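Source: prediction; values computed, not measured.
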Amino acid sequence: MVDLATLGRLGFGAASIGNIYRSMPDTDAAATLRAAWDAGIRYIDTAPHYGFGLSEKRVGAALAELDPGETAIISTKVGRLLTPVPPGTDLGVMRQAFVTPEPFESVFDYSYDAVMRSYEASRVRLRRDRIDILYVHDIGAMAHGDDHPRRFAEFMDGGYRALRELRDSGAVGAIGLGVNETRVCEEVLAVGAIDVVLLAGRYTLLEQDALETFLPLCEARDVKIVLGGPYNSGILAKGVRHGGDVHYDYQPAPPAIVERVGAIEDVCIAHGVPLAAAALQLPLAHPQVVSVIPGMGSPAQVAQAVTLMDLAIPSAMWRDLKDRGLIRADTPVPVSP
């Protein structure tokens, strides 16, 4: 069993080095991973879906040099199985949001056999004897719509059994879900047991609805949270007061979201705090949140995240946000000067 309390406040989300939205040379990916390692980051999250194996291969190559003793904590995912693309597929265009030379695509498959095959293939790409955390990728109605009941049954009847076997045998240290919604987590916890949820974007400076039922359930069941997507697809990193396009939940941000972020940003500015620093630090005040993993696509982004995470934020700023109804009154906030 991996000690989830040792992940570190700041982890490394490796979708960027899987060439999400753009191509990145191997040398740039290696430099980014080295910068994270040199900064003391020891938790890296990846997935077969990220570049169709490219992210895992790059993580494996970098850690073979940086971490021969396998001290880093690595998580990857199952549920999106890599399959060869048809002959003649143009590998130079964006496919499923990635620009990757890997001749694969990912298809959803939560069956027992698919989970076992995916785990073994990931272990080879990562060059690791074991994987510390294994998440199920994108289960839930948000990903599958009306097909969710069938996919959920497929997972609970097959993939969940595979995860339990891998954890019980010691092949993986912890199992959980890697999702963009809380409802499916509650569904799983109603019928099974998991150790951790990688929750993307649903407990942030902009959104705290998870405090209603989900996070109390996690406290009761001792389920830890790794918080992905702390910037809600970029809007909390960039802000809205400097012009240009802004995105929320992978789409152009609607006016109501832009207005709310602008109000939050104004409070941050009044206290001399970068909006992105508040976004990174707020989730960690909740006792179940053990790590925040923003995407990092360059050494400069690594350095920026480290600086923002260490920045002192005055308690008065959090009070102002609550007083103006911009974060929930029951939101735990960092203890600040």
J.: When you compare the side chains of Asn180 and Tyr250, does any donor N or O come within less than 3.5 Å of an acceptor on the partner?
T.: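 Side-chain D/A pair, Asn180 to Tyr250: present.
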J.: Passes ring pair (Phe, Tyr, Trp, His ring centres under 6.0 Å), Phe108 versus His144? Steps please.
T.: CA-CA 10 Å; Phe108 287 109; His144 299 294; 4.4 Å; yes
J.: Using 4.0 Å as the upper bound for N to carboxylate O, is an ion pair formed by Arg123 and Glu120?
T.: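 Between Arg123 and Glu120 there is a salt bridge, with a charged N closer than 4.0 Å to a carboxylate O.
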J.: To the nearest 0.5 Å, what is the distance between CG on Leu282 and CG on Leu205?
T.: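 These two atoms lie 6.0 Å from each other.
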J.: Would you please test Gln96 and Arg80 for side-chain contact (heavy atoms from CB on, under 4.5 Å) and show each step?
T.: CA-CA 12 Å; Gln96 294 177 266; Arg80 302 184 77 139; 3.8 Å; yes
J.: Is the closest side-chain heavy-atom distance between His49 and Lys77 below 4.5 Å?
T.: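 No, their side chains stay 4.5 Å or more apart.
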J.: What heavy-atom pair brings Val2 and Ala174 nearest, and what distance separates the two atoms?
T.: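 That would be CG1-CB, 3.7 Å.
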J.: Only one of Arg95, Lys57, Arg125 passes salt bridge (Lys or Arg N to Asp or Glu O under 4.0 Å) with Glu102; say which it is.
T.: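 Of Arg95, Lys57, Arg125, salt bridge (Lys or Arg N to Asp or Glu O under 4.0 Å) with Glu102 is met by Lys57 alone.
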J.: Closer than 3.5 angstrom, by distance alone: can the side chain of Ser169 be matched with the main-chain N or O of Leu166 as a donor-acceptor pair?
T.: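 Pair found, side chain donor or acceptor close to backbone of Leu166.
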J.: At what distance, to the nearest 0.5 angstrom, does OH of Tyr248 lie from CG of Leu236?
T.: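 If I round to the nearest 0.5 Å, the distance is 9.5 Å.
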J.: With side-chain contact (heavy atoms from CB on, under 4.5 Å) as the criterion, how do Ile293 and Leu10 come out once you've worked through the C-alpha distance, each side chain's angles and the decisive distance to 0.1 Å?
T.: CA-CA 6 Å; Ile293 54 167; Leu10 183 64; over 6 Å; no
J.: Could you give the distance from CG (Asp330) to CG (Leu211), rounded to the nearest 0.5 Å?
T.: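 With rounding to 0.5 Å, CG (Asp330) is 5.0 Å from CG (Leu211).
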J.: Quick one, Leu126 and Ile131 - any side-chain contact, counting heavy atoms below 4.5 Å?
T.: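 Side chain of Leu126 against side chain of Ile131, heavy atoms only: contact under 4.5 Å found.
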J.: Locate the shortest heavy-atom distance separating Ile17 from Ser55; write the atom from each residue and the value.
T.: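 Minimum heavy-atom contact is CG1-OG, 3.8 Å.
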J.: Side-chain heavy atoms under 4.5 angstrom apart, residues restricted to Ile, Leu, Val, Met, Phe, Trp, Tyr: same cluster for Ile73 and Leu227?
T.: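 Different hydrophobic clusters.
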J.: Can you name the closest pair of heavy atoms from Ala62 and Leu33 and give their distance?
T.: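 Nearest pair, atom of Ala62 first, then Leu33: CB-CD1, 3.6 Å.
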J.: Could you report the tightest heavy-atom contact between Pro287 and Glu219, atom names first, then the distance?
T.: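 Smallest heavy-atom distance, with atoms named: CG-OE1, 4.0 Å.
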J.: I want to check something: taking the side chain as every heavy atom from C-beta on, are Met309 and Gln304 in contact at a cut-off of under 4.5 Å?
T.: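 Not touching, per the 4.5 Å side-chain cut-off.
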J.: Looking only at heavy atoms, what is the nearest atom pair of Ala305 and Leu280, with distance?
T.: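 For Ala305 and Leu280, the tightest heavy-atom pair comes out as O-CD1, 3.7 Å.
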J.: Which distance, rounded to the nearest 0.5 Å, do you find between the CZ of Arg161 and the CG of Asp168?
T.: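 Here the rounded value is 12.5 Å.
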J.: Can you name the ring-ring contact (aromatic ring centres under 6.0 Å, His included) partners of Phe12, sequence neighbours left out?
T.: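 With sequence neighbours excluded, Phe12 shows a ring-ring contact (aromatic ring centres under 6.0 Å, His included) to no residue whatsoever.
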J.: May I ask you to say whether Arg167 pairs ionically with Asp195, meaning some side-chain N is under 4.0 Å from a carboxylate O?
T.: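 A salt bridge is present here (some side-chain N lies under 4.0 Å from a carboxylate O).
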J.: Less than 4.0 Å between a side-chain N and a carboxylate O, is that true for Asp109 and Arg117?
T.: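 No, Arg117 and Asp109 are not salt-bridged.
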J.: Any link between Val289 and Leu177 through a network of hydrophobic side chains (Ile, Leu, Val, Met, Phe, Trp, Tyr) touching at under 4.5 Å?
T.: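 Per the 4.5 Å side-chain linkage, Val289 and Leu177 are co-clustered.
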J.: Could you tabulate the donor-acceptor pairs under 3.5 Å formed by side-chain atoms of residues 36-43, not counting sequence neighbours?
T.:
{"unit_1": "Arg42", "atom_1": "NH1", "unit_2": "Trp37", "atom_2": "O", "d": "2.8"}
{"unit_1": "Tyr43", "atom_1": "OH", "unit_2": "Ser75", "atom_2": "OG", "d": "2.8"}
{"unit_1": "Tyr43", "atom_1": "OH", "unit_2": "Tyr135", "atom_2": "OH", "d": "3.0"}

J.: If we ignore hydrogens and angles and just use 3.5 Å, is the side chain of Asp67 paired with the main-chain N or O of Ala72 as donor and acceptor?
T.: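 Yes; at least one donor-acceptor contact below 3.5 Å.
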J.: Would Ile133 and Leu63 show up in the same hydrophobic cluster when neighbours are defined by side-chain heavy atoms closer than 4.5 Å?
T.: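 Looking at the clustering, Leu63 is in a separate group from Ile133.
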J.: Measure the shortest side-chain to side-chain distance between Ser106 and Leu81 over non-hydrogen atoms and say whether it is less than 4.5 angstrom.
T.: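 SC-SC contact between Ser106 and Leu81 ruled out.
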J.: So, Gln251 side chain and His247 main chain: donor-acceptor pair closer than 3.5 Å or not?
T.: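 No: the side chain of Gln251 does not pair with the backbone of His247.
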J.: Under the side chain to side chain donor-acceptor pair (under 3.5 Å) definition, can you give me all pairs with a residue in residues 5-24, not counting sequence neighbours?
T.: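 As it turns out, the side chain to side chain donor-acceptor pair (under 3.5 Å) pairs with a partner in residues 5-24, which skip direct neighbours, are Asn19-Arg58.
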J.: Can you tell me how far CG of Leu189 sits from CG of Leu217, rounded to the nearest 0.5 angstrom?
T.: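 Going from CG on Leu217 over to CG on Leu189, the span is 5.0 Å.
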J.: Check whether any side-chain N or O of Thr307 sits under 3.5 Å from a backbone N or O of Ala303 as a donor-acceptor pair, and report yes or no.
T.: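 Yes: the side chain of Thr307 pairs with the backbone of Ala303.
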J.: Salt bridge between Arg130 and Glu70, side-chain N to carboxylate O under 4.0 Å?
T.: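 No, Arg130 and Glu70 are not salt-bridged.
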J.: Are Val93 and Val99 side-chain neighbours, meaning at least one heavy-atom pair lies under 4.5 Å?
T.: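 No, their side chains stay 4.5 Å or more apart.
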J.: Just so I know, are the side chains of Asp320 and Leu326 near enough to count as touching, which here means a heavy-atom distance under 4.5 Å?
T.: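 A side-chain contact under 4.5 Å is absent here.
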J.: To the nearest 0.5 Å, how far apart are CG in Asp45 and OG in Ser291?
T.: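 With rounding to 0.5 Å, CG (Asp45) is 9.5 Å from OG (Ser291).
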J.: In terms of hydrophobic clustering (I, L, V, M, F, W, Y; side-chain heavy atoms under 4.5 Å; direct or indirect links), are Leu82 and Ile139 co-clustered?
T.: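 Different clusters.
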J.: Output all residues satisfying side-chain contact (heavy atoms from CB on, under 4.5 Å) with Ala64, sequence neighbours left out; order by chain, then residue number.
T.: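 Result, side-chain contact (heavy atoms from CB on, under 4.5 Å) vs Ala64: Arg127.
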J.: Considering only heavy atoms from C-beta outward, does the side chain of Val179 approach that of Cys185 to under 4.5 Å?
T.: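 Touching, per the 4.5 Å side-chain cut-off.
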J.: Using the salt bridge (Lys or Arg N to Asp or Glu O under 4.0 Å) rule, collect all pairs that involve residues 248-271, keeping only residues at least two apart or in two chains.
T.: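 Salt bridge (Lys or Arg N to Asp or Glu O under 4.0 Å) check on residues 248-271 returns Arg202-Asp249, Arg241-Asp266.
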J.: Transitively linked via ILVMFWY side-chain contacts under 4.5 Å: Val333 with Val267?
T.: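 In one cluster with Val333: Val267, yes.
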J.: Do Val302 and Thr32 pass the side-chain contact (heavy atoms from CB on, under 4.5 Å) test, and can you show the C-alpha distance, the side-chain angles, and the key distance before you say yes or no?
T.: CA-CA 7 Å; Val302 172; Thr32 303; 4.0 Å; yes
J.: Under 3.5 Å, is there a donor-acceptor pair linking the side chains of Glu165 and Tyr160?
T.: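 Checked: Glu165/Tyr160 side chains show no N/O donor-acceptor pair below 3.5 Å.
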J.: Please name all residues satisfying side-chain contact (heavy atoms from CB on, under 4.5 Å) with Lys224, sequence neighbours left out, ordered by chain then number.
T.: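 Here the qualifying residues are Leu4, Val196, Asp222, Gln288, Val290.
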J.: Let me see the working for Glu181 and Leu199 under side-chain contact (heavy atoms from CB on, under 4.5 Å), right down to the final yes or no.
T.: CA-CA 7 Å; Glu181 60 175 292; Leu199 183 64; 6.0 Å; no
J.: Hey, are the side chains of Pro48 and Ser118 touching, using non-hydrogen atoms and a 4.5 Å cut-off?
T.: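 Side chain of Pro48 against side chain of Ser118, heavy atoms only: contact under 4.5 Å found.
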J.: In terms of the angle between their ring planes, are Tyr50 and Phe98 parallel, tilted or perpendicular, with boundaries placed at 30° and 60°?
T.: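 Ring orientation, 0 to 90° scale: tilted.
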J.: What closest approach, in Å, do Ala171 and Tyr119 show between heavy atoms, and which atom pair accounts for it?
T.: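 Closest heavy-atom pair between Ala171 and Tyr119: CB-OH, 3.4 Å.
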J.: Any side-chain to backbone donor/acceptor pair from Glu154 onto Tyr110? Under 3.5 Å, distance only.
T.: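 Yes, the answer is positive, given that a donor and an acceptor are paired below the 3.5 Å cut-off.
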J.: Decide, yes or no, whether a salt bridge links Glu56 with Arg128 under the criterion of side-chain N to carboxylate O below 4.0 Å.
T.: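 Salt bridge between Glu56 and Arg128, a charged N being under 4.0 Å from a carboxylate O: no.
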